[in-house]
Amino acid sequence: MKKFNLKPSPSSLRQIFALTETLNPSQKEAVLHLGSPLLIIAGAGSGKTKTLVHRVAKLVLDGISPERILLLTFTRKAANEMTKRATTLLDDRCRGIQGGTFHAFAQSILKVHAPKLGFSTQFTIADRGDSEDILSLIRKNLGLNKLDKRFPQKKALSAIIGKVRNTASSISAILNKDYPQFSVYEREIETIMIQYAIQKKTMNVMDYDDLLLLLLDLLKTNEETAKFYQQKFKHILVDEYQDTNSIQASIVQYLAGLNPNITVVGDDCQSIYSFRGANFKNIISFPDLFLNTKIIKLEENYRTIQPILNLTNAVIGQAREKYDKSLFSSKNVGEKPAYIETKSENEQSQFVCQKILELRENGTDLNEIAVLVRSGWQSNDLEIELKSHNIPFVKYGGFKFVETAHVKDVVAYLKIAFNPLDQLSWRRVLSLIDGIGPKTITTIIGEINKNLHDPSSALKLFSKKKFYKELTALIYLILSPNNHERTAEAWMTIVMEFYRPIFQLQYDDYTKRKNDLDSLEAISSRFPTLEKFLTDLSLDPPNSSQTESLPESQDDEKITISTIHSAKGLEWTCVFILSLIDGYLPSFQSLGDIHQIEEERRLLYVALTRAKDYLFLMKPHLDSPKGGYYAYQGMQFSKLSRFLDRDDYKDSLMERWSLTSEDDDPFDDSATNANTCESEGIPFEQQQSRANSQSNASVSRTIHKPSLGKKKYFF
DNA sequence: TATAGCCGATTTTTT
DNA sequence: ATCGGCTATA
């Protein structure tokens with residue numbers, strides 16, 4: 001019956017030929033392979049996305065209906081990007097491809113099947129803050145806060161439980177390995193875990209891990225459903241497979257069933273998510289899970305010039321677990337990576353700003369410039385400096401504005417409007433009313449839950465309290481009968497009306513915070529329903545600074561600031577990596593564990609391989625680190641990252657000190673800087689080299705060896 | 001019972 | 001800088 005479908009028509013043969021024309025032999029093989037599972041080991045910049053896009057387009061061209069192709073990616077951005085590229089490459093059919101992150105995909109399936117798992121289809125998603133708050137409540141209710149020996153706080157609890165669930169390990173194993181100080185509390189933590197699961201069910205919320213675990217559970221225990229999806233998806237493609245954990249791997253396995261049309265792509269050198277339970281061995285063992293796996297390696301790098309690759313290869317070559325990979329490039333010309341030491345964090349920022357202005361003078365598009373950091377706050381100083389130079393930027397990674405208190409407040413109203421069982425959000429909004437505290441909240445929630453459809457009798461109980469009026473207004477606002485017909489935007493308007501007076505009383509800096517609420521309102525207009533809005537806020541939370549960093553320039557040229565994690569899969573002509581200090585990268589939290597240090601090395605590798613033509617490695621000398629934790633610890637980090645501090649790398653690096661602008665001299669405030677320097681014993685050469693730099697010369701300078709990694713405690 | 005204010009402990013990276 | 005637990009006060 002389908003015979004005629006199996007053979008592509010001559011015209012589509014021609015199209016397939018055209019499609020593969022620009023590919024190298026391995027890429028072409030990967031695009032055309034059919035009939036057995038496919039593992040593509042793709043080095044950084046080896047055209048992985050291109051290959052995947054072509055493969056998808058080719059499948060569509062083969063006549064596979066797009067909604068039967070499932071493309072799982074790491075971020076939603078990546079999914080959209082690929083769909084877009086495939087559409088450009090082929091045609092609009094590609095828009096129909098099913099895809100997204102594992103979490104978003106899981107959500108969409110669970111939305112339909114939630115009742116089978118003891119949830120209602122109205123479930124909402126608990127983000128990290130929410131699940132921590134649930135844990136904190138349980139902790140308090142169980143009286144675990146009044147013990148002699150310290151009991152883990154909500155953050156630690158959440159981390160422990162997350163790890164247990166994501167790696168399918170026992171509590172004791174995780175405690176012994178990562179939290180030996182809490183080993184005595186194995187029983188208590190188990191109780192909390194059980195309570196946590198119960199709480200989530202009664203509140204009808206799922207956390208991020210639930211999305212994956214419940215989907216797996218559904219596929220495992222529900223043969224009908226599993227079969228349905230196995231038949232639905234003719235082809236499954238998974239990107240960034242090295243960052244999947246064993247649960248995600250199992251999901252893939254169950255989705256595929258006996259279907260051999262499964263393609264996974266990844267690079268074991270770029271596995272940087274072990275804190276989420278990811279295991280790069282997943283990708284190595286893929287052929288054990290899927291019979292007859294065809295393995296294709298892509299090793300030619302099309303992104304980065306050879307002088308930079310020499311360094312990246314050297315860095316990954318030092319890895320403890322040896323990777324069978326060495327990238328080569330046909331782009332042999334270009335400059336070696338530049339290594340720049342500065343005497344302060346602010347000087348680092350100034351150097352970057354100046355270099356950016358210089359690059360723009362020379363015609364580099366600002367969109368082709370990125371600044372990468374290990375953790376979000378490490379770019380704080382730079383952000384201020386960029387603003388003062390009027391250089392526009394977007395920031396990815398780090399703080400999300402959904403995590404700020406005032407946005408959480410508003411979202412809590414929205415959440416209970418959609419899912420009135422969400423007691424946690426009730427707690428939040430109730431505590432905003434004057435005169436209502438923890439005890440009253442518990443009674444109110446108890447009374448209201450007795451009859452959600454008619455809260456009037458419950459409300460009578462509080463008629464003599466001073467908060468009665470406000471409480472009544474809130475309850476009728478939320479539980480009004482027509483509330484499911486409202487759009488997300490309409491809900492925002494209604495909620496803001498109620499919240500605005502509370503908001504202005506609550507925060508004395510409310511004019512600043514107001515901006516966030518305005519952006520939230522703007523974002524809400526993009527979603528047809530409250531549910532879509534809420535889901536998206538949890539699964540693809542917008543970044544805080546995206547809206548706030550828009551200086552004069554009207555064109556949309558912006559540089560990118562990003563955490564290394566969020567920069568994965570992206571590339572820029574020019575890349576700066578900030579604060580390459582031992583203790584920052586590798587982060588000092590990782591120093592106790594060899595595997596974690598190795599992951600930090602891969603992190604550096606990921607950062608280095610984002611660059612196409614120019615790479616600037618920055619190392620400031622930090623006498624008083626600004627980051628909250630470091631400041632608190634009074635720690636001092638000043639030694640170059642151990643991954644780069646090797647004599648044999650000298651050849652790969654260009655040592656230089658080139659601050660060349662006259663009118664916008666970054667050292668205008670040098671008087672103060674020099675004083676602090678001297679008083680803290682910084683050698684005089686630095687000031688000399690500064691003098692040199694002012695005469696417009698690119699100077700190879702004496703490298704100052706700072707006091708090596710000594711911890712310094714104040715007081 | 002609610003809230004303000006103080007002290008000590010704890011912070012990476014993301015869906 | 002923020003959380004969590006404690007105390008004093010309304």
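Any value given below was found using the heavy atoms of this structure, including those in side chains, with hydrogens, waters and symmetry copies removed. As the structure is a computational prediction, the values presented were derived from the model and not from experiment. Throughout, a chain's letter reflects where its sequence line sits, starting with A, and its residues are numbered from 1.
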> Using the ring of each side chain (for Trp, its six-membered ring), is A:Y273 parallel, tilted or perpendicular to A:F74, with breaks at 30° and 60°?
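Answer is tilted, since the angle falls between 30° and 60°.
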> If I take atom NZ in residue A:K439 and atom P in nucleotide B:dT3, what distance separates them, rounded to the nearest angstrom?
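It is 13 Å, rounded to the nearest whole Å.
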> Between A:S590 and A:F74, just flag the one whose closest nucleotide in DNA chain B comes earlier from the 5' side.
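With A:S590 and A:F74 compared, the 5'-side residue is A:S590.
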> Got a donor-acceptor pair under 3.5 Å from the side chain of A:R128 to the base of B:dT15?
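Between B:dT15 and A:R128, which were checked side chain against base, a qualifying N/O pair under 3.5 Å is absent.
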> Between B:dT11 and C:dG5, how far is it from one P atom to the other, in whole Å?
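Approximately 15 Å lies between the P atom of B:dT11 and that of C:dG5.
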> Are A:L585 and A:Q378 close enough, and set up right, to give a side-chain contact (heavy atoms from CB on, under 4.5 Å), and what steps lead you there?
CA-CA 11 Å; A:L585 183 68; A:Q378 283 169 14; over 6 Å; no
> Under 6.0 Å from the six-membered ring centre of A:Y468 and within 45° of its axis: does the NZ or CZ of A:K464 meet both?
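No, A:K464 does not lie over the aromatic ring of A:Y468.
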> Could you give the NZ-to-P distance, from A:K155 to B:dT12, as a whole number of Å?
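Interatomic distance, NZ of A:K155 to P of B:dT12: 7 Å.
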> For A:F275 and B:dT12, are the ring centres under 5.5 Å apart with planes inclined under 30°?
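A:F275 ring does not meet the centre or angle cut-off for B:dT12; no stack.
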> Send over the distance from A:R602 CZ to B:dT13 P, rounded to a whole Å.
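The distance from CZ of A:R602 to P of B:dT13 comes to 18 Å, rounded to the nearest Å.
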> With respect to the side chain of A:T75, which nucleotide from B:dT12, B:dT14, B:dT15 is positioned closest?
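Ranking B:dT12, B:dT14, B:dT15 by closest atom to the A:T75 side chain puts B:dT15 first.
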> Using a cut-off of 4.0 Å on non-hydrogen atoms, how would the nucleic acid contact of A:F102 be classed: base, sugar-phosphate, or nothing?
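If one applies the 4.0 Å heavy-atom cut-off, A:F102 turns out to touch nothing in the nucleic acid.
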> Provide, to the nearest angstrom, the distance between the CG atom belonging to A:L372 and the C1' atom belonging to B:dT12.
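These atoms are roughly 15 Å apart.
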> Here's a test of your reading of the structure: between A:R276 and A:I433, which maps to the more 5' nucleotide of DNA chain B?
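Checking each residue's closest nucleotide, the 5'-ward one belongs to A:I433.
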> If the cut-off is 4.0 Å, is A:K154 near the phosphate of C:dG4, judged by side-chain N/O to OP1 or OP2?
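So the side-chain polar atoms of A:K154 do come within 4.0 Å of the phosphate oxygens OP1 or OP2 of C:dG4, strictly under.
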> Could you tell me how far apart A:Y179 (OH) and B:dA9 (P) are, to the nearest whole angstrom?
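Going from OH in A:Y179 over to P in B:dA9 covers 19 Å.
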> Would you indicate, yes or no, if B:dT14 has its OP1 or OP2 atom less than 4.0 angstrom from a side-chain nitrogen or oxygen of A:T563?
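The answer is yes; a side-chain N or O of A:T563 sits under 4.0 Å from OP1 or OP2.
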> Look at the side chain of A:H103 and decide which nucleotide, out of B:dT15, B:dT11, C:dC3, has an atom nearest to it.
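The answer is B:dT15.
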> Pick base, sugar-phosphate or nothing for A:D434, based on heavy-atom distances below 4.0 Å to the nucleic acid.
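The residue A:D434 makes sugar-phosphate contact but no base contact.
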> Parallel, tilted or perpendicular, judged at 30° and 60°: which one describes the rings of A:F462 and A:F467?
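Tilted: the ring planes of A:F462 and A:F467 meet at 30° to 60°.
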> Kindly indicate whether a cation-pi arrangement holds for A:K77 with A:Y396, taking the cut-offs as under 6.0 Å to the six-membered ring centre and within 45° of the axis.
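Relative to the ring axis of A:Y396, which defines the angle, A:K77 lies inside both limits.
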